[in-house]
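Notes follow the structure.
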Amino acid sequence: MSKEAKSPRFVFLVNQAYRKLQRWTETRPGTWEGISTAQVGLLFLLASRNQATIGEIAQALQVAPAATTNLSKRMEASGLIERIADQDDGRITRLRLTQSGEDASAQSREMLKELNKRISDGFSSEELATVARWLSHVNDLEL
């Protein structure tokens with residue numbers, strides 16, 4: 001009987017890597033002080049868009065609008081974001097970063113630069129492009 005090559009266990013490996021990255025980010029001294037990794041995702045989104053509605057944020061982060069509402073309430077209470085009226089439609093509320101939110105976003109971005117450097121060390125740019133393409137493919141799948 002021939003022994004077939006064992007296929008990589010992608011789901012297991014991705015989950016393991018995710019948990020390890022999560023632990024690393026949550027244990028960095030002096031970073032994310034009082035901010036969850038979910039909040040950092042929202043900080044980065046608002047930093048790139050300037051303003052967004054709850055629905056836009058939920059869609060971009062691929063979470064339920066109710067989860068986004070709860071997350072934004074905690075972030076507003078901690079002074080990271082603020083609610084503002086839409087300029088064109090007074091019925092629409094938008095979220096934007098406060099100065100504290102901008103500072104937290106910049107600090108988080110620096111920490112993630114260090115992490116990205118560590119996890120890409122030893123790989124060629126072609127290999128990293130393949131990994132990025134594969135992860136983007138998985139993200140785009142209708143699962």
Side-chain angles (χ1 to χ4, degrees), residues 1-84 86 88-89 91-143:
M1 265 165 86
S2 67
K3 208 175 189 184
E4 290 185 32
K6 211 174 179 185
S7 296
R9 301 178 304 167
F10 290 123
V11 173
F12 172 77
L13 293 171
V14 167
N15 281 326
Q16 288 293 98
Y18 173 75
R19 282 193 287 280
K20 187 164 193 163
L21 293 172
Q22 195 80 6
R23 278 191 306 274
W24 189 89
T25 58
E26 290 173 354
T27 60
R28 298 282 59 88
T31 56
W32 318 80
E33 291 188 28
I35 303 172
S36 71
T37 53
Q39 290 175 334
V40 171
L42 180 51
L43 290 176
F44 287 169
L45 179 70
L46 289 177
S48 70
R49 292 189 182 185
N50 187 28
Q51 301 175 13
T53 65
I54 293 289
E56 292 167 346
I57 294 165
Q59 184 176 19
L61 298 179
Q62 299 179 0
V63 297
T68 304
T69 298
N70 291 333
L71 180 65
S72 67
K73 285 180 181 179
R74 290 191 305 274
M75 294 177 71
E76 185 177 21
S78 64
L80 297 170
I81 63 171
E82 61 187 354
R83 295 176 187 278
I84 57 168
D86 184 90
D88 299 323
D89 188 341
R91 298 170 295 172
I92 297 174
T93 300
R94 296 190 166 276
L95 303 178
R96 74 174 172 199
L97 294 177
T98 62
Q99 185 59 53
S100 293
E102 289 178 21
D103 294 345
S105 177
Q107 181 180 0
S108 299
R109 195 168 309 282
E110 286 304 310
M111 188 273 300
L112 289 177
K113 279 184 190 177
E114 175 190 343
L115 179 56
N116 277 320
K117 184 176 179 342
R118 288 185 69 185
I119 64 176
S120 61
D121 189 40
F123 291 89
S124 69
S125 58
E126 292 82 12
E127 289 171 317
L128 292 171
T130 300
V131 171
R133 187 170 63 85
W134 182 79
L135 290 170
S136 293
H137 166 74
V138 171
N139 190 50
D140 292 342
L141 288 174
E142 296 289 330
L143 300 176

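With rounding to the nearest 0.5 Å, the separation of CD in Glu102 from CG in Leu80 is 11.0 Å. Note that OG of Ser105 and CG of Leu112 are 9.5 Å apart. Values are rounded to the nearest 0.5 Å. Atom OG1 of Thr93 sits about 11.5 Å away from atom CD of Gln51, to the nearest 0.5 Å. The distance from the CE atom of Met75 to the CG atom of Leu46 is 7.0 Å, given to the nearest 0.5 Å. Taking CZ from Arg96 and CD1 from Ile84, the interatomic distance works out to 4.0 Å, rounded to the nearest 0.5 Å. The line from OG of Ser100 to CD of Glu82 is 10.5 Å long, rounded to the nearest 0.5 Å.
Checked by atom type, the side-chain pair Gln16/Arg19 shows a donor-acceptor distance below 3.5 Å. A side-chain donor-acceptor contact under 3.5 Å links Gln99 and Asp103.
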| Under the side-chain contact (heavy atoms from CB on, under 4.5 Å) criterion, do Gln22 and Tyr18 qualify, and how do the steps go? | CA-CA 6 Å; Gln22 195 80 6; Tyr18 173 75; 3.3 Å; yes
| task | Apply side-chain contact (heavy atoms from CB on, under 4.5 Å) to the pair Thr53 and Leu95, showing each step before the final yes or no. | result | CA-CA 6 Å; Thr53 65; Leu95 303 178; over 6 Å; no
| Would Trp134 and Val14 count as a side-chain contact (heavy atoms from CB on, under 4.5 Å) if you check the C-alpha gap in whole Å, the side-chain angles of each, and the deciding distance to 0.1 Å? | CA-CA 12 Å; Trp134 182 79; Val14 167; 3.7 Å; yes
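Across every non-hydrogen atom of Ile119 and Leu21, the tightest pair is CG2-CD2, 4.0 Å. Minimum heavy-atom separation, Gly41 to Leu61: O-CD2, 4.1 Å. For Leu45 against Ala60, the heavy-atom pair with the smallest separation is CD1-CB, 3.8 Å. For the pair Leu128 and Ser120, the tightest heavy-atom approach, listed with the atom from each and the gap, is CD1-CB, 3.6 Å. Between Pro65 and Ile54, the shortest heavy-atom contact is O-CG2, 3.7 Å.
Here the side chains of Gln62 and Asn139 are in contact, with some heavy-atom distance below 4.5 Å.
Pairs engaging residues 111-139 under the salt bridge (Lys or Arg N to Asp or Glu O under 4.0 Å) rule: Glu110-Lys113 [sequence neighbours left out].
Scored by the side chain to side chain donor-acceptor pair (under 3.5 Å) test, Asp89 finds Arg91 as partners (sequence neighbours excluded). Listed by chain and number, the residues in a side chain to side chain donor-acceptor pair (under 3.5 Å) with Arg83 are Ser72, Glu76 (sequence neighbours excluded).
The backbone N or O of Val11 sits less than 3.5 Å from a side-chain atom of Asn15, completing a donor-acceptor pair.
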